[in-house]
Amino acid sequence: MNRLHAFAPRVLRLWAPLLLVLAYGISHAEAQSSELTPGATFSVDDYLDVITPMASDLSPDGRWVAVFVGSLRDRLGVDNYRYGDPTYQRPSVGELWLMDTRSGERRRILPGKRNVMGVQWSPDSRYLAVGEVRVDRLHLDIWDRETGEWTEVTVPDGRELAVRGGALARWTRGGRALVVTLHPVGWRAEASGEFGRLTRGPIVVQSSDEPFLAWDALRARSAIVSVARYDVESARVTEIIPTTKVNGYRLTDDDSSIVFDEDITEETSYERIFGRRSSVKVVSMSGGEPKVVIESTEEVSPTWARNGRVFAYSDDGDVFVASVDDPEPRRLTGEEEPEEAGESEEEDDELGFSVNSVSPSGGRIVASNKQGLWIIESGDGDRHLILERDEDDEFAPQYRVVDWSPDGELVYLSYASRREWERGLVRYRVDSREMTELAKDDRLYSRIQLSEDGSTFVFQSAAGNRPYDLYAADAEFGDVRRLTTLNPGLERKSLSRTELIRYLDVDGKTLHGVAYYPVDYEAGRAYPTIFNVYEDYFDDSFNGTINILTNGGYLVVRPSVNLEIGYPGEAWMKGVTAAANKLIEMGLADPDRLGVHGTSYGGYATNLLVTQTNRFKAAINISGKVDMISFYTDSPRLGVRNIHAPENSQDRIGATLWEQPQKYVAHSAVMFADRIETPLLLITGEQDHNVPMRTTMEMFYALRRLGKTVEWVNYVDSGHGMPTMTAEMVHDYHRRILEWYDRHLKADEEPVAAKSR
């Protein structure tokens, strides 16, 4: 049953006047119906003004949720020149609302649009700690929900607040104090000075004698903090952990201790991107000498219980549990498994567990292996299978732990089919070993949160190709209340209907893709078709640029590809062309008017693809590399990312440049520029420190030298992907994309971009 339709009769009576408003977006089939009358064109300004919510924090009693709402227009103006500057706080401007999860009533917590950097409710659900960037500095204030009064958290002179472990502050369980991290006196001047030296010189010297790459060392300066307690009543700040390097911290549930991750990284690691090692320690809330809990996280990656005391981890396929009170790990699987489990040691060793989640008190663990998901009891290691995995079914549904009930008796898991658009939430009851579907329908679900007392869910949901709104539900995921209708104007706009397509690649492997129909689609007509490439696509999530293209008369398809280590360049040829064949076979795509583009890794894919086939009549590479050799040691502000990507991660070369130089050549599109017949548009940001502009620039000069059709657009102040410095740049970006496709795919028609003008 679609639980978003399953309102209780009492709620129906209360909410009857709002049913017409609530109905918008509830049914994917209704929203996506091809019988809908097209509305006004979805424009770039509409894209800029689409509002998205983020449930920043749900009160422990489930009654109140602090919601941050903003649009793309609100996020414009990032200073890309300061990428990598530890003192720079990126703008994240929007409105902060308080919403009643029962009635849906809302009010602003702060006037106007502000640059909020995280919020947290006090344990009694009365006070809200609000972080905000004001004049390039972090500030922390406490808001009283009942009186509306504000109290500013003051820190000692020369110190400044820092974000560590994803939080600006954490309430103690008693609610009488906040734990904060503080940069020391002089930190800002030193960090800014080093950033200036690396970017402006006048002389920059780096040496292999230095343990860290210069930008790694600068990034690590963010961790230089002390940990302190702020007493709410007295406004007194008491240092608990003197200045050191702290990667993160958590509080124990009895307010007695702080568990912190002290950075012990000794040199730049080429094994992990931004790799850091920590020694996990515990210290009394009143201070004193810390006690070591985990010597090093180099081999141990702990998953913590909500109580801050118990943690579990997997090592060589076995599960271990320990606590700050008893840090000696206990093996729960493997050689110490009781004989009555009925499995030989050899069989057990092959199970290969990974820890997924730990219950609030640490009494139970969810772990996964090739057989499926398991519940493991922390006390005696007893375990049972809760979800069996069919190894032969590559499209088996995906389940992920969302949360636990406070007593650890219930486990909530998100659900997503890999055969159709069917998503939702399931609940597993440990004592009865019963699995219950709470929601399962074709909607998109995201950011599902359960209140600490287990009474209330808050989540984002949307119909396909629609922006998210915020909803609340009870512990049964019933009595669903829609809390926001953020974009009512989109009801009058033409947005695409979508379809999940299935096709076989050249190797006979089944793949999926998402088709976004032209808004003026007429059955029986073949359309100019644009393939938006990256890696895998399945869900029909909202995308502003795609809707601008479908409003321009294009069918847009997001195809999946099967990437293979050592031979990633073949994947797009095998998968994207097969998807094109499928769309042509369906009578949707015009075989003579195919285009392709991608951003970042997708831009790289686009360039490789057009060196292998001439089927596409237009292509656009947005912030994508074209030369794996020069890119290999480029992007210094990202440390070792560009070395790690081909060796061990996304680029999938699987070797160093010196071990397999021929593969780096084979995956450098610029080396085969002479084969490109497809007109190519290159879009870069000169302040892109992810894929530096200069690596894409190589393709422009190569194709220009070869007499090919190429155009290069460089946004001088912008960074990676779509330029977002100003609204004018966003308009220019979309205008150029439309005009490029119009010129090469609609030469016999009046250009859509011209029509819009």
**OP:** Look at K509 together with E394 and state whether they make a salt bridge at an N to O cut-off of under 4.0 Å.
**Re:** yes

**OP:** Give, for atom OG of S414 and atom CZ of R447, the distance between the pair rounded to the nearest 0.5 Å.
**Re:** 14.0 Å

**OP:** Please examine the side chains of I676 and L703, heavy atoms only from C-beta on, and report whether any two atoms are closer than 4.5 Å.
**Re:** yes

**OP:** Look at the rings of F42 and Y47 and say which category their plane angle falls in: under 30° parallel, 30 to 60° tilted, over 60° perpendicular.
**Re:** tilted

Original post:
Can you find a pair of side-chain heavy atoms, one from Y741 and one from L745, that are under 4.5 Å apart?
Top reply: yes

**OP:** Apply side-chain hydrogen bond (donor to acceptor under 3.5 Å, both in side chains) to the pair S71 and D49, showing each step before the final yes or no.
**Re:** CA-CA 5 Å; S71 66; D49 292 327; 4.7 Å; no

Original post:
Can you tell me how far CD of E391 sits from CD of E388, rounded to the nearest 0.5 angstrom?
Top reply: 9.5 Å

Subject >> Partners passing ring pair (Phe, Tyr, Trp, His ring centres under 6.0 Å) against H720 (at least two apart in sequence or in another chain) >> reply: none

**OP:** Find out whether K493 and D46 are in side-chain contact, i.e. whether some heavy atom of one side chain is under 4.5 Å from a heavy atom of the other.
**Re:** yes

Original post:
Which residues pass the ring pair (Phe, Tyr, Trp, His ring centres under 6.0 Å) test with Y715, sequence neighbours left out?
Top reply: none

Original post:
Would T606 and H597 count as a side-chain hydrogen bond (donor to acceptor under 3.5 Å, both in side chains) if you check the C-alpha gap in whole Å, the side-chain angles of each, and the deciding distance to 0.1 Å?
Top reply: CA-CA 6 Å; T606 297; H597 76 256; over 6 Å; no

**OP:** May I ask you to test the N690-R641 pair for a side-chain heavy-atom distance under 4.5 Å?
**Re:** yes

**OP:** Output, in order, the C-alpha distance, side-chain angles, deciding distance and verdict of ring pair (Phe, Tyr, Trp, His ring centres under 6.0 Å) for W215 and F274.
**Re:** CA-CA 10 Å; W215 285 95; F274 304 148; over 10 Å; no

Original post:
Is the F459 ring parallel, tilted or perpendicular to the Y471 ring (thresholds 30°, 60°)?
Top reply: parallel

**OP:** Decide if atom CZ of R418 counts as having more than 12 heavy atoms of other residues, nucleotides or ligands within a radius under 6.0 Å.
**Re:** yes

**OP:** Quick one: list whatever passes side-chain hydrogen bond (donor to acceptor under 3.5 Å, both in side chains) with Y83, sequence neighbours left out.
**Re:** none

Original post:
For D732, what residues pass the salt bridge (charged side-chain N to carboxylate O under 4.0 Å, His left out) criterion, not counting sequence neighbours?
Top reply: R735, R736

Original post:
Is there a donor-acceptor contact under 3.5 Å from the side chain of H689 to the main chain of R637?
Top reply: no

**OP:** Describe, in one word, how the ring planes of Y701 and W712 are oriented to each other, choosing from parallel (under 30°), tilted (30 to 60°) and perpendicular (over 60°).
**Re:** perpendicular

Original post:
Got a sec, which residues hit side-chain hydrogen bond (donor to acceptor under 3.5 Å, both in side chains) with N581, two or more places apart in sequence or on another chain?
Top reply: R615

Original post:
Do we get K440 above Y415's six-membered ring, with its NZ or CZ under 6.0 Å from the centre and within 45° of the axis?
Top reply: yes

Subject >> N369 side-chain N/O to G372 backbone N/O, donor-acceptor pair under 3.5 Å >> reply: yes

Original post:
Do the two ring centres, one from Y521 and one from Y527, sit under 6.0 Å apart?
Top reply: yes

**OP:** Could you grab the distance from atom OG of S417 to atom CD of E420, nearest 0.5 Å is fine?
**Re:** 4.5 Å

Subject >> Check: H512 ring centre within less than 6.0 Å of Y503 ring centre >> reply: no

Original post:
Should we say atom CZ of F672 is surrounded by more than 12 heavy atoms from elsewhere, each under 6.0 Å from it?
Top reply: yes

Original post:
Nearest 0.5 Å, what's the CG-CG distance between L555 and L549?
Top reply: 11.0 Å

Original post:
Step by step, would you call S461 with R443 a side-chain hydrogen bond (donor to acceptor under 3.5 Å, both in side chains)?
Top reply: CA-CA 7 Å; S461 187; R443 293 180 60 80; 2.9 Å; yes

**OP:** Using only heavy-atom distances, determine whether the side chains of N465 and T498 contain a donor-acceptor pair under 3.5 Å.
**Re:** no

Subject >> Within residues 645-662 or reaching into it, pairs that qualify as salt bridge (Lys or Arg N to Asp or Glu O under 4.0 Å) - sequence neighbours excluded >> reply: E535-R652, K625-D651

Original post:
Of T678, L682, V596, T696, which is the lone residue that meets side chain to side chain contact (heavy atoms under 4.5 Å, CB included) with N607?
Top reply: L682

**OP:** Test the R389-Y399 pair against the cation-pi criterion, namely NZ or CZ under 6.0 angstrom from the six-membered ring centroid and within 45° of the ring axis.
**Re:** no

**OP:** Report the residues that fulfil ring pair (Phe, Tyr, Trp, His ring centres under 6.0 Å) with H744, sequence neighbours left out, ordered by chain and then residue number.
**Re:** W740

Subject >> Contacts of type salt bridge (charged side-chain N to carboxylate O under 4.0 Å, His left out), residue D717, not counting sequence neighbours >> reply: none

Original post:
Can you tell me if W572 uses its side chain to pair, donor with acceptor, with the backbone of Y534 under 3.5 Å?
Top reply: yes

Original post:
Should Y632 and Y664 be marked as a ring pair (Phe, Tyr, Trp, His ring centres under 6.0 Å) after you check the CA-CA gap, both sets of side-chain angles, and the distance that decides it?
Top reply: CA-CA 9 Å; Y632 185 61; Y664 283 77; 5.2 Å; yes

Subject >> Counterpart residues, side-chain hydrogen bond (donor to acceptor under 3.5 Å, both in side chains), relative to S357 (two or more places apart) >> reply: W404

Original post:
For atom CD of E271, is the number of surrounding heavy atoms from other residues, nucleotides or ligands below 6.0 Å larger than 12?
Top reply: no

Original post:
Which residue pairs pass the salt bridge (Lys or Arg N to Asp or Glu O under 4.0 Å) test when at least one of the two sits in residues 679-699, sequence neighbours left out?
Top reply: D634-R694

Original post:
What pairs with R419 under salt bridge (charged side-chain N to carboxylate O under 4.0 Å, His left out), at least two apart in sequence or on another chain?
Top reply: D393

Subject >> Ionic contact status for R423 with D540, cut-off 4.0 Å >> reply: yes

**OP:** Mind checking salt bridge (charged side-chain N to carboxylate O under 4.0 Å, His left out) for K574 and listing every partner two or more places apart, or none if nothing turns up?
**Re:** D507, E570

